[in-house]
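Just so it is clear: chains get the letters A, B, ... in the order the sequence lines come, proteins before strands, and each one is counted from 1.
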Amino acid sequence: MSIEIYNTPIKRKQQFSPLKKGRVGMYVCGITAYDMCHIGHARSMIIFDTIARFLRKKGYDLTYVRNFTDVDDKIIARANKGGITYQDVSEKYIEEFYTDMEILKVEKPDVEPKASEHIPEMIDMIAALIDKSFAYESGGSVYFNVSRFKGYGKLSSRKLEDMIAGARVDVDEAKKNPLDFALWKVSKTGEPWWKSPWSKGRPGWHIECSAMSTHYLGPTLDIHGGGRDLIFPHHENEIAQSEGTYGKPFVRYWIHNGFVTVNNDKMSKSLGNFLTIRELTKEIHPEVLRLFLLSRHYRSPIDFSRDAIHESRGALIRFYESLDRVFNSPCSATKPRLKNIIDGFNNKFDAAMSDDFNTAKAIGHIHEFTTEVNRTLNSNPEVAEDDVFALRAALSDVSNILGILEQEPAEFLDHIKHADLDKIGITDQEIEGLILNRDKARKARDFKAADEIRDNLKARGIILKDTPEGTVWERE
RNA sequence: GGCGGCAUAGCCAAGUGGUAAGGCGACGGUCUGCAAAACCGUUAUUCACCGGUUCAAAUCCGGUUGCCGCCUCCA
């Protein structure tokens, strides 16, 4: 099935067809390494990780590039404040980022370039832009002249005149037009600098992505991604720089993800309503977080709340419990009993993912699939060997693409069951002891005593289930 | 102020021209000592509101209201 992608500038889905058959170059804006990442960053990383995994699954030879901004005002500010170098700051937070990505099972892109390691490419590009009169030097800094680039605003659906009319940016004497943006900045005392034809300075933010994406993927990218907040001005500026330099279409498909919100406000540093990946994954299983972040369409906002996380946790447990049932079923059926269900699921899952990476719909299909499997097993617990094979294969596809359901069900369920048991203030042994006491009471038909034990445990978040194989317990 | 986006049941949510996926919750049922889990059934004649186009609209067009975002660093 062919893939459809919603392309930001034209605001509709298009059939995906890369520039070179079978090969895809994808560039995604990474982080500015000056602080710990929050779940807004996690969403973007997980979405593009999933897109990359799916493209590979579909057989594309993908080159995935994601940059690190390691020279920037905020990094420098942080370094100066702490009396350390900008490298100390960026290196620390790049390390922290890697730890986060490992926790979240985000696969490494093929190339992770750092801005500081590509200054010569940026200087070359800036020189070319000056040469073509798209840029001008002013007091040692270099600015891009937006009025010289006729397509300016095509990505974000803005007109240059409208933007000038409603401009809020401070008037800068050095600029010809308030919307002109810096390609090269003169370095002030205490700021890092590189030698250039214009001054001892440092690159503007936008030029790094144009220079590095071209360096690794060529002047035309198949896919360029990032958060919605990057559409303007960052990605708009990238187009101006790259198309100005090379005179070729910069990007074939622009993909932008929606924000993580809290009470419907964008999660951000300035609002102070952010939660870091690190603190969150201490209490929330990474697969729960992944499932939550993938359970809404990538372009929509997703509101973070404890309730929403709890719902995703419940859904993940439901999936794993159903899988556990299948893997514990006797392999004695002479004919496959789940094969049709699995085949149907595989097709629907692929169709959903092919339709603009609709993970929300794909997860809906996992729910339906789970219901169908449970229904089949309720009528008769037997399965055939082929069923188990087919399920393992389907499961491996899902986990390879979405990064959930990667664990053995029994292992996952056991983990969830015991996580933070100490917070409740009870041990495994104590619960088992209470279950034994309750069993005795039940055998003596003293249901009042038995129910009291169960109610007390329930009040502490422990649920007892009486099954044909005996009583088992779970966390609420 | 300029520009863009969104509005689907009690809640979350998919759905861009063909007659409303899925999940949570609630209620009824099977099962159970009673529960829990699982399953079955019920839960939007209707998609913020008003007009329009069309044989046909949640989906397209115009307007209104509300919310969010970008225009300054931002995933």
Side-chain angles (χ1 to χ4, degrees), chain A residues 6 8 11-13 28-32 34-35 37-48 69 72-74 77 153 156-159 161-170 178-179 205 225-234 236 256-261 264-270 274 292 295-297 299-303 305 307-308 310-312 314-315 317-318 321-322 325 348 352 355 358-379 442 445-448 450-451 454-455 458 463-468 471-474 476:
Chain A
Y6 181 95
T8 303
K11 300 179 191 178
R12 58 184 161 77
K13 289 184 216 171
V28 174
C29 287
I31 57 154
T32 298
Y34 78 102
D35 204 349
C37 288
H38 57 65
I39 55 171
H41 298 106
R43 185 182 196 198
S44 186
M45 298 310 145
I46 287 170
I47 283 165
F48 289 104
T69 297
D72 146 283
D73 290 354
K74 280 196 273 200
S156 51
S157 307
R158 293 162 203 230
K159 292 195 186 83
E161 310 84 75
D162 292 344
M163 286 189 278
I164 293 167
R168 280 185 165 184
V169 285
D170 294 334
L179 291 161
W205 175 37
R228 281 193 92 82
D229 45 2
L230 299 180
I231 294 174
F232 191 88
H234 185 53
E236 198 69 73
H256 292 99
N257 65 274
F259 302 130
V260 174
T261 61
N264 289 321
D265 288 323
K266 179 188 174 186
M267 178 177 285
S268 69
K269 290 274 157 68
S270 45
F274 62 93
F292 166 68
S295 63
R296 271 72 157 175
H297 188 94
R299 272 186 278 115
S300 307
I302 180 168
D303 201 55
S305 69
D307 283 353
H310 198 257
E311 192 174 320
S312 292
I317 291 171
R318 175 171 132 90
E321 278 183 340
S322 179
R325 281 182 77 179
K348 286 190 247 178
D355 181 10
N358 196 332
T359 55
K361 196 193 244 181
I363 289 165
H365 292 315
I366 303 179
H367 270 110
E368 285 178 291
F369 171 75
T370 301
T371 302
E372 288 168 11
V373 167
N374 286 337
R375 183 195 301 148
T376 306
L377 261 40
N378 274 4
S379 70
R442 289 177 74 206
R445 305 197 64 80
D446 181 359
F447 294 121
K448 191 166 171 270
D451 290 350
R454 187 174 61 197
D455 292 345
K458 179 157 196 313
I463 308 285
L464 298 188
K465 291 185 189 177
D466 296 324
T467 73
T471 302
V472 296
W473 63 275
E474 290 183 349
E476 198 163 26

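- Nucleic acid contact class of A/Met45 (heavy atoms, under 4.0 Å, all strands): none.
- The side chain of A/Arg296 lies closest to B/rC12, out of B/rU16, B/rC12, B/rA75.
- Out of B/rA38, B/rC71, B/rA75, the shortest distance to the side chain of A/Pro233 is found at B/rC71.
- Checked against side-chain contact (heavy atoms from CB on, under 4.5 Å), A/Lys448 has the following partners two or more places apart in sequence or in another chain: A/Asp446.
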For nucleotides 18-24 of chain B, read 5' to 3', which letter fits each nucleotide if B means a protein heavy atom sits under 4.0 Å from the base, S means only the sugar-phosphate is that close, and - means neither? ---SSBS
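- Residue side chain A/Phe259 fails the stacking definition with respect to B/rA75, as its ring centre and the base's six-membered ring centre are not both under 5.5 angstrom apart and under 30 degrees in plane angle.
- RNA chain B is contacted by both A/Ser270 and A/Lys159; A/Lys159 maps to the nucleotide lying nearer its 5′ end (nearest heavy atom per residue).
- When distances are taken from the side chain of A/Arg442 to each of B/rA38, B/rC34, B/rG2, the shortest belongs to B/rC34.
- Which of B/rA38, B/rA75, B/rC70 sits closest to the side chain of A/Phe232 comes down to B/rC70.
- Base-pair partner of B/rA7: B/rU65 (Watson-Crick or G-U wobble, both distances under 3.5 Å).
- With B/rA36, B/rA75, B/rC73 as the choices, the nucleotide that has an atom nearest any side-chain atom of A/Lys74 turns out to be B/rC73.
- With sequence neighbours excluded, the residues forming a ring-ring contact (aromatic ring centres under 6.0 Å, His included) with A/Phe369 are A/Phe345, listed by chain and number.
- Residue A/Arg228 has its side chain nearest to B/rG5 when only B/rC34, B/rA75, B/rG5 are considered.
- Evaluation of the ring-ring contact (aromatic ring centres under 6.0 Å, His included) rule for A/His367 yields A/Phe319 as partners, not counting sequence neighbours.
- With sequence neighbours left out, the salt bridge (Lys or Arg N to Asp or Glu O under 4.0 Å) criterion links A/Arg299 to A/Asp356.
- In this structure, the ring-ring contact (aromatic ring centres under 6.0 Å, His included) partners of A/His256, at least two apart in sequence or on a different chain, are A/His235, A/Trp254.
- Closest to the A/Val260 side chain, of the nucleotides B/rC73, B/rA75, B/rA38, is B/rA75.
- We find that A/Asp455 and A/Lys458 are not joined by a salt bridge, their nearest charged nitrogen and carboxylate oxygen being 4.0 Å or further apart.
- You'll find that the side chain of A/Asp265 is closest to B/rG69, out of B/rA75, B/rG4, B/rG69.
- The P atoms of B/rG25 and B/rC31 are separated by 23 Å, rounded to the nearest whole Å.
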